[in-house]
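Chain identifiers are assigned alphabetically (A, B, ...) following the order of the sequence lines, protein sequences preceding nucleic acid strands; residue numbering begins at 1 within each chain.
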Amino acid sequence: MRASRYFVPTLREVPAEAELTSHRLLLRAGFIRKESAGVYVYLPLGWRVIRKIEQIVREETDRIGGIELFMPALVPQELLDETGRSGLDILFKLRDRHQRPFTLGFTHEEIITDIVRNFVSSYRQMPLLLYQIQTKFRDEPRPRGGVIRAREFIMYDAYSFDTDHEALERVYQALRRAYFRMFERMGLPTIIVDAEAGAIGGGSNEEYMIVADGGEDKVLQCDSCGYGANAERCELPDPALTPPVVDAIPPMEQVATPNARTVEEVTAFLNTTADRLVKTLLMRVDGAPVAALVRGDRELNPYKLMHALDGESVEMMDAETIEQITKAPVGFAGPVGLPADLPILADHELRGLQDFITGANAEDAHLVHVCWGRDFTEPRWADLRVAQAGDRCARCADGILREVRGIEVGHIFQLGTKYSEAMGAQFTDGEGNLHPIIMGCYGLGVSRCLAAIVEVHHDKDGIRFPISVAPFEVVLILVNSEDEAQRAVAERLYEQFSQAGFEVFYDDRDERSGVKFKDADLIGIPIQVVVGRGVQEGQVEVRLRADKTPEQVPIEEAMARVGELRQSLYHALRPSEG
RNA sequence: CGGGGCGUGGCGCAGUAUGGCUAGCGCGCCUGCUUUGGGUGCAGGAGGUCCCCGGUUCGAGUCCGGGCGCCCCGACCA
């Protein structure tokens with residue numbers, strides 16, 4: 001491709017809207033352009049990268065027997081009604097001329113299940129692994145970081161259909177390995193972590209994370225066994241604390257704490273520390289009220305509460321109900337004197353704590369010297385609090401968790417029968433009995449990968465693309481476009497490289513060399529061939545974007561040398577397993 | 001949804017407090033000359049509903065009211 005006839009709108013100055021490195025570079029290098037909040041144009045260079053990512057994902061899925069199809073972006077709302085997802089607040093909704101409601105596809109479990117329930121009815125038709133690469137629409141509350149979190153984005157989504165859980169486990173593991181291969185080929189170093197399923201639901205699921213400061217997710221990782229989990233999921237071990245002896249503890253007493261509601265206010269007023277305090281959070285799990293207790297300096301993980309009760313949804317209780325149940329304004333709830341039928345769960349860390357302070361269920365009052373077992377029924381113990389850096393690992397004896405930021409680039413789920421049961425997708429087994437199909441789903445953010453790649457591979461001058469996903473493999477820079485000798489050599493090399501099947505971007509523009517060098521570095525094409533004054537001695541310069549150490553090469557050997565470099569760059573990105 | 005910030009040629013910004021003539025600057029763009037190994041220099045030029053609507057005023061980019069859009073932090077998140 002000749003730069004003089006291509007479309008690369010690079011910018012010298014960074015648009016004020018961009019904060020994140022990858023966002024700034026993608027805008028400056030002319031890869032993307034914002035159309036609206038979270039809505040982007042992929043300009044020619046950006047689109048080439050997207051297509052390379054797609055191709056890698058295709059190859060790796062096809063390799064394990066995946067079959068590509070393409071589903072509509074317009075999803076009839078009644079399909080989502082079947083699974084109860086039509087009310088999600090992130091849906092873009094619209095109506096056709098007959099007022100029939102539609103949703104723009106935010107993920108495609110319902111569509112694929114609809115297809116499968118109509119065409120798959122026998123165990124002989126499975127296993128089946130279908131996938132697509134398509135635009136997804138989600139009306140995110142807060143789009144962020146360019147294409148990191150967009151409202152319209154490109155996603156790969158695969159769906160597996162099997163007759164039993166062993167087969168699901170097999171295909172899940174196959175995808176799990178295929179994902180690692182995909183990310184390695186893109187030059188993305190990922191870690192895999194346990195995760196929450198969110199609105200997808202189903203059974204076990206894992207996320208692929210790129211460790212990067214710009215990441216949105218908090219990830220905890222064990223320094224010893226490597227166990228990793230999204231902070232919203234991360235298990236903590238039961239510290240198995242021995243309860244203190246209650247005999248010597250003074251009787252429970254109510255003290256006035258005027259206007260002291262928050263942990264900070266109460267501890268300041270009573271001149272104590274937050275770890276002497278027990279927070280009582282009133283929640284609803286599947287709509288049913290429940291009280292959750294965590295130490296004053298800890299944070300409740302609502303998902304853990306939900307899982308402890310085998311629930312499917314969790315929310316904070318509204319203020320009105322709280323006041324009804326505690327007979328006090330919000331901020332003074334405590335476990336003592338709550339209705340007998342209200343379940344109370346406590347974080348197992350609290351087992352080692354007696355003689356604590358807690359809300360009195362009365363306005364402007366707290367209780368001190370409170371003991372469970374003595375002053376209220378012993379609660380049910382569970383892992384309820386949010387994990388944080390420094391906590392012990394739940395999976396090994398002596399590991400300590402550390403915290404990193406991560407960009408979620410993939411998420412794989414064992415769905416089980418959640419969708420097949422809701423939508424009546426059944427098959428007949430060898431004995432003629434009907435069963436719900438066992439499903440899995442597997443998502444990968446294609447456009448988010450573009451941002452993640454830049455987030456990982458850049459320096460002060462611009463992007464440094466791994467060759468596998470670079471918009472072009474080689475940039476050919478004609479230093480002085482007025483110099484006939486240089487131009488002749490560059491034209492000849494361009495011709496040869498193109499003939500030989502290299503993806504070459506030939507900067508033949510009538511610009512000063514500085515402009516071309518700056519642009520080449522910004523755009524990040526991995527191999528640079530500079531045709532400059534060296535042509536007088538019959539030489540051109542070959543160098544890598546990554547280190548820019550120049551190498552003088554005779555013109556007639558340039559292509560062979562570039563070929564070697566190209567091969568070694570691809571070689572470095574070959575997948576290590578599977 | 002809560003908090004903060006912003007909206008002026010393609011990009012980055014000044015001007016707004018204290019209303020006043022043809023709305024400025026840098027980059028980019030066009031023309032000519034110049035320069036040609038890291039965003040050259042000089043000269044000339046084009047390009048603007050000052051986010052929108054309404055109001056106050058002799059006069060509004062600037063003041064008042066309402067709305068819209070965008071960014072960041074948090075909540076949320078597939």
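- A salt bridge links A/R151 to A/D139: at least one charged side-chain nitrogen sits closer than 4.0 Å to a carboxylate oxygen.
- Within 6.0 Å of atom CZ in A/R176, more than 12 heavy atoms from other residues, nucleotides or ligands are found, so the atom counts as buried in its surroundings.
- Comparing B/U16 with B/U35, their C1' atoms sit 42 Å apart, to the nearest whole Å.
- Atom CD in A/Q486 sits about 8 Å away from atom P in B/G37, given to the nearest Å.
- Separating the P atom of B/G69 from that of B/C29 is a span of 34 Å, rounded to the nearest Å.
- Comparing B/G12 with B/G39, their C1' atoms sit 15 Å apart, to the nearest whole Å.
- A/F505 and A/Y6 have perpendicular rings, their planes meeting at more than 60° on a 0 to 90° scale where under 30° would count as parallel.
- Summarising the geometry, the separation between CG on A/L11 and P on B/G28 is reported as 12 Å, rounded to the nearest angstrom.
- Remark: C1' of B/C77 and CG of A/N205 are 14 Å apart, rounded to the nearest angstrom.
- Between A/R144 and A/E216, at least one side-chain N (NZ, or NE/NH1/NH2) sits under 4.0 Å from a carboxylate O, which counts as a salt bridge.
- Atom CG in A/D510 sits roughly 13 Å away from atom C1' in B/U40 (whole-Å rounding).
- The residue A/K34 sits close only to the backbone: its heavy atoms come under 4.0 Å of sugar-phosphate atoms, none of a base.
- Side-chain proximity of A/F517 to B/G37, B/G39, B/C13: nearest is B/G37.
- Using N1 to N3 plus N6-O4 or O6-N4 for Watson-Crick, or N1-O2 and O6-N3 for G-U wobble, each under 3.5 Å, B/A17 pairs with nothing.
- Put simply, CD on A/E511 is 8 Å from P on B/U40, counting in whole angstrom units.
- Within the 4.0 angstrom heavy-atom criterion, base atoms lie near A/V530.
- Judged purely by distance below 3.5 Å, without hydrogens or angles, the side chains of A/Y156 and A/T61 pair a donor atom with an acceptor atom.
- Remark: the A/D519 side chain and the B/G39 base include a donor-acceptor N/O pair separated by less than 3.5 Å.
- Heavy atoms of A/R543 sit under 4.0 angstrom from at least one base atom.
- At the phosphate of B/C76, neither OP1 nor OP2 sits under 4.0 Å from any side-chain N or O atom of A/Y303.
- In this structure, B/U57 forms no base pair with any nucleotide, since neither Watson-Crick nor G-U wobble geometry is met with both distances under 3.5 Å.
- Spacing between B/G5 and B/C64 at atom P, rounded to whole Å, works out to 16 Å.
- Under a 4.0 Å N-O distance rule, the pair A/R2/A/D508 qualifies as a salt bridge.
- Counting non-hydrogen atoms under 4.0 angstrom, A/P141 reaches a base of the nucleic acid.
- Looking at heavy-atom distances under 4.0 Å, A/R28 makes contact with a base.
- No engagement by A/S481 is indicated, since no non-hydrogen atom pair under 4.0 Å with the nucleic acid exists.
- Pairing for B/G38 is absent, with no Watson-Crick or G-U wobble pair whose two atom distances lie under 3.5 Å.
- Applying the Watson-Crick and G-U wobble criteria (two distances, each under 3.5 Å), B/C6 pairs with B/G69.
- When both pairing distances are held under 3.5 Å, B/A43 makes a Watson-Crick or G-U pair with B/U31.
- Below the 3.5 angstrom threshold, one finds no donor paired with an acceptor across the side chain of A/E13 and the base of B/G28.
- Distance check on atom P: B/C42 versus B/G26 gives 11 Å, rounded to whole Å.
- Across all strands shown, A/E17 has heavy atoms under 4.0 Å from sugar-phosphate atoms exclusively, and none from any base.
- What separates CE of A/M316 from C1' of B/C76 is a distance of 13 Å, to the nearest Å.
- Distance, A/E482 CD to B/G37 P: 12 Å, rounded to whole Å.
- Atom C1' of nucleotide B/C77 and atom CG of A/L91 are separated by 13 Å, given to the nearest angstrom.
- A salt bridge links A/K548 and A/D521; the closest N-O separation between the charged side-chain nitrogens and carboxylate oxygens is under 4.0 Å.
- Among B/G37, B/C11, B/G39, the nucleotide with an atom closest to any side-chain atom of A/R12 is B/G39.
- The existence of a salt bridge linking A/K136 and A/D157 is confirmed by a sub-4.0 Å separation between a basic side-chain nitrogen and an acidic carboxylate oxygen.
- Within the 4.0 angstrom heavy-atom criterion, base atoms lie near A/D521.
- For the P atom pair drawn from B/U49 and B/G10, the interatomic distance equals 8 Å after rounding to whole Å.
- We find that A/K34 and A/E17 are joined by a salt bridge, their nearest charged nitrogen and carboxylate oxygen being less than 4.0 Å apart.
- OP1 or OP2 of B/G39 has not a single side-chain nitrogen or oxygen of A/R512 nearer than 4.0 Å.
- You won't find any donor-acceptor pair under 3.5 Å spanning the side chain of A/R142 and the base of B/C76, going by distance alone.
- If you check every strand for non-hydrogen atoms under 4.0 Å, A/G532 touches a base.
- Using modelled atom types, one finds no donor on one side chain facing an acceptor on the other under 3.5 Å when comparing A/H458 with A/E455.
- For the segment residues 405-413 of chain A, the set of residues with a heavy atom within less than 4.0 Å of an atom of RNA chain B comprises A/E408, A/H411, in numerical order.
- For B/C71 and B/G54, the P atoms lie 28 Å apart once the distance is rounded to whole Å.
- Salt bridge present: A/D459 and A/R545 bring a charged side-chain N and a carboxylate O closer than 4.0 Å.
- Residue A/P550 is the one, among A/E196 and A/P550, whose nearest nucleotide of RNA chain B lies closer to the 5' end (criterion: closest heavy atom).
- Using a 4.0 Å heavy-atom distance criterion, A/G445 is classed as making no nucleic acid contact.
- The residue among A/R33 and A/V531 whose nearest nucleotide of RNA chain B is located toward the 5' end is A/R33.
- Within 4.0 Å (heavy atoms only), A/A18 reaches no atom of the nucleic acid at all.
- Regarding contacts with the backbone of B/G69, every side-chain N or O of A/S36 stays at 4.0 angstrom or more from both OP1 and OP2.
- Comparing the C1' positions of B/C68 and B/U22 gives a spacing of 31 Å, expressed to the nearest Å.
- Considering only side-chain N and O atoms, A/R144 lies under 4.0 angstrom from the phosphate OP1 or OP2 of B/C73.
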